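So you know, we letter chains A, B, ... as the sequences are listed, proteins then strands, and number each from 1. Source: prediction; values computed, not measured.
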There are 2 protein chains.
Amino acid sequence: MPIMTESKMSAADEIAKQLTEAIHEHRLQPGAKLREDEICDIFGVSRTLVRQALRSLEFEGLLTIQKNRGAFVAKPSLKEAREVFQARSLIEPSIARMAAERSKSEDIQELEKHIKREHAALDQGEAGLALKLSGDFHLKIAEIADQETLEQFLRQLISRSSLVIALYWRRRNALCESNAHHDLITAIGERDADSAEEFMKSHLLDIYSQLDLQERDGGFTSLRDALRQ
Amino acid sequence: MPIMTESKMSAADEIAKQLTEAIHEHRLQPGAKLREDEICDIFGVSRTLVRQALRSLEFEGLLTIQKNRGAFVAKPSLKEAREVFQARSLIEPSIARMAAERSKSEDIQELEKHIKREHAALDQGEAGLALKLSGDFHLKIAEIADQETLEQFLRQLISRSSLVIALYWRRRNALCESNAHHDLITAIGERDADSAEEFMKSHLLDIYSQLDLQERDGGFTSLRDALRQ
DNA sequence: TAATCAGTGATTGTATACGATCCAGCACAC
DNA sequence: GTGTGCTGGATCGTATACAATCACTGATTA
């Protein structure tokens, strides 16, 4: 049982982290139920800690906890899906700008390492992992910008983006990463703040345009789910 | 013992809400310790629920929880203080714009009611309450803009702003509200998106400029606090 | 056959109990 | 007098126990 692989974290944080990863990588689909006892068995801890972890994921918007019913992987509505990407379009270009203004050479190296891992995952057909890494890439830029507050918010937005993509992505397997990330690295590396901002803006618009965010009735896996409010 | 004054909330949420209010109104100062047992006595519940509440306030950035040491009202650093207002300057003008585009007449009435309560609180010398209401005013605008995701983030930013003001406000008692809020209402009521955006921008800049965010050595109440990282 | 209702098992919500950690005060040595 | 090590009490972290709630099954009836 791999508990406390990272020493400084509380056990609850470790559970939260692993659950988060599973959701980001789409190993847990929106709507999936997370029973407390099951998670207790898996991690070998009591419900106390599991509930703490679930609650923290609820805060990040990854889970919906219904009283006396349990925790479910969240299913963002169309409105929320649009809001998430509107919010990202609002803050990420500025973040990219700041990152470009403050980047050091080792930052660029890290970004490039990151992009390599992304491509490797794509080549091996691990779409879920690639998606998670793509999110991490955006977070890494916020880190370079040295904006902890915005980074924290962006973390939530990216978490939700992952759910949005699981629900509304048009072409299931083709996560055509284009070379948007590469362009971003270049601009940031050259301290070209204007270009970095612009690339980020169009990159997000590109993702957004590949989502199917039209109003529609169905898409539910079962009638029961459809009627659960 | 006033538990569960609002029926739909869980007890933990109610505790969190009341603690949040106390911090927003500066009845609890940054650095204050919140002992679990004490809160248990006050609300008449077990530590289980109190800990849930404390944890949720930690997520909002209002508390810092140190392992085996307890929960303390957060003391934002200078960097964090700046970041909070930078973030607000980034998103709130856009929120004001959207609010102006979508406002209905009843929204304006609500905002005006709000501003009246603010002035009333100021007149009665309840600076803490006035500050909290001022934050609520900004949140109300996000609500009118119908942007739940940004609203949620703004809620956190305003929470932290309250702490920042407690720590770094120059003129302790003079919360010179000027007529910035009034100007905002006018612009939003007239659907003047450009003005709303502009007023919000300068309003935030105005607040920011009244903070004392210069680098300094002291300001610590004790060496102990100074060294606690 | 379809609908309703009661009972039962499963699951979550809350309280309590126990063990671990930390801090303050005091004794003691230097 | 100052610094160091120990001990008791306070406080927190985690596990367990019990209560409340919900969902499902199956019997009953129209």
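- Ser89(B) contributes atom OG, which lies 5.0 Å from atom CG of Leu204(B) (distance to the nearest 0.5 angstrom).
- Computed from coordinates, the Gln52(A) CD to dC12(D) C1' distance equals 12 Å when rounded to whole Å.
- Atom NZ in Lys33(B) sits about 8 Å away from atom P in dC23(C), given to the nearest Å.
- If you take CZ of Arg35(B) and P of dC22(C), they are 19 Å apart, rounded to a whole angstrom.
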Decide yes or no on salt bridge (Lys or Arg N to Asp or Glu O under 4.0 Å) for Arg155(B) and Glu60(B), but give the supporting numbers first.
CA-CA 8 Å; Arg155(B) 174 166 294 119; Glu60(B) 269 202 55; 5.8 Å; no
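- Residue Phe72(B) contributes atom CZ, which lies 11 Å from atom C1' of dC22(C) at whole-angstrom precision.
- Atom CG of Asp37(B) and atom P of dT16(C) are 12 Å apart (whole Å).
- Counting heavy atoms of neighbouring residues, nucleotides and ligands inside a 6.0 Å radius, atom NZ of Lys116(B) does not exceed 12 of them.
- As a whole-Å value, the separation of Ile65(A) CD1 from dT11(C) C1' is 14 Å.
- When rounded to the nearest whole Å, the span between CZ of Arg55(B) and P of dT14(D) equals 9 Å.
- In this structure, the nucleotide among dT14(D), dA15(D), dA15(C) sitting nearest to the side chain of Arg47(B) is dT14(D).
- The aromatic rings of His181(B) and Phe137(B) lie parallel to each other, their planes meeting at an angle below 30°, with 60° marking the opposite boundary.
- Rounding to whole angstrom units, CG of residue Leu63(A) and C1' of dT12(C) are separated by 15 Å.
- A salt bridge links Glu143(A) with Lys140(A); the closest basic N to acidic carboxylate O contact falls under 4.0 Å.
- Comparing dT12(C), dT16(C), dT14(D) by their closest approach to the side chain of Glu36(A) singles out dT12(C).
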Protein N or O to nucleotides 20-22 of chain D N or O, pairs below 3.5 Å:
unit_1, atom_1, unit_2, atom_2, d
dT21(D), O3', Asn68(A), ND2, 3.2

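- Around the NZ atom of Lys79(B), the shell of radius 6.0 Å holds more than 12 heavy atoms that belong to other residues, nucleotides or ligands.
- In the set dA15(C), dT11(C), dA15(D), the nucleotide with an atom closest to the side chain of Leu49(B) is dA15(C).
- The side chain of Thr48(A) lies closest to dA15(D), out of dA15(D), dC12(D), dT12(C).
- Put simply, NE2 on His24(B) and CG on Leu133(B) are 12.0 Å apart, with the number rounded to the nearest 0.5 Å.
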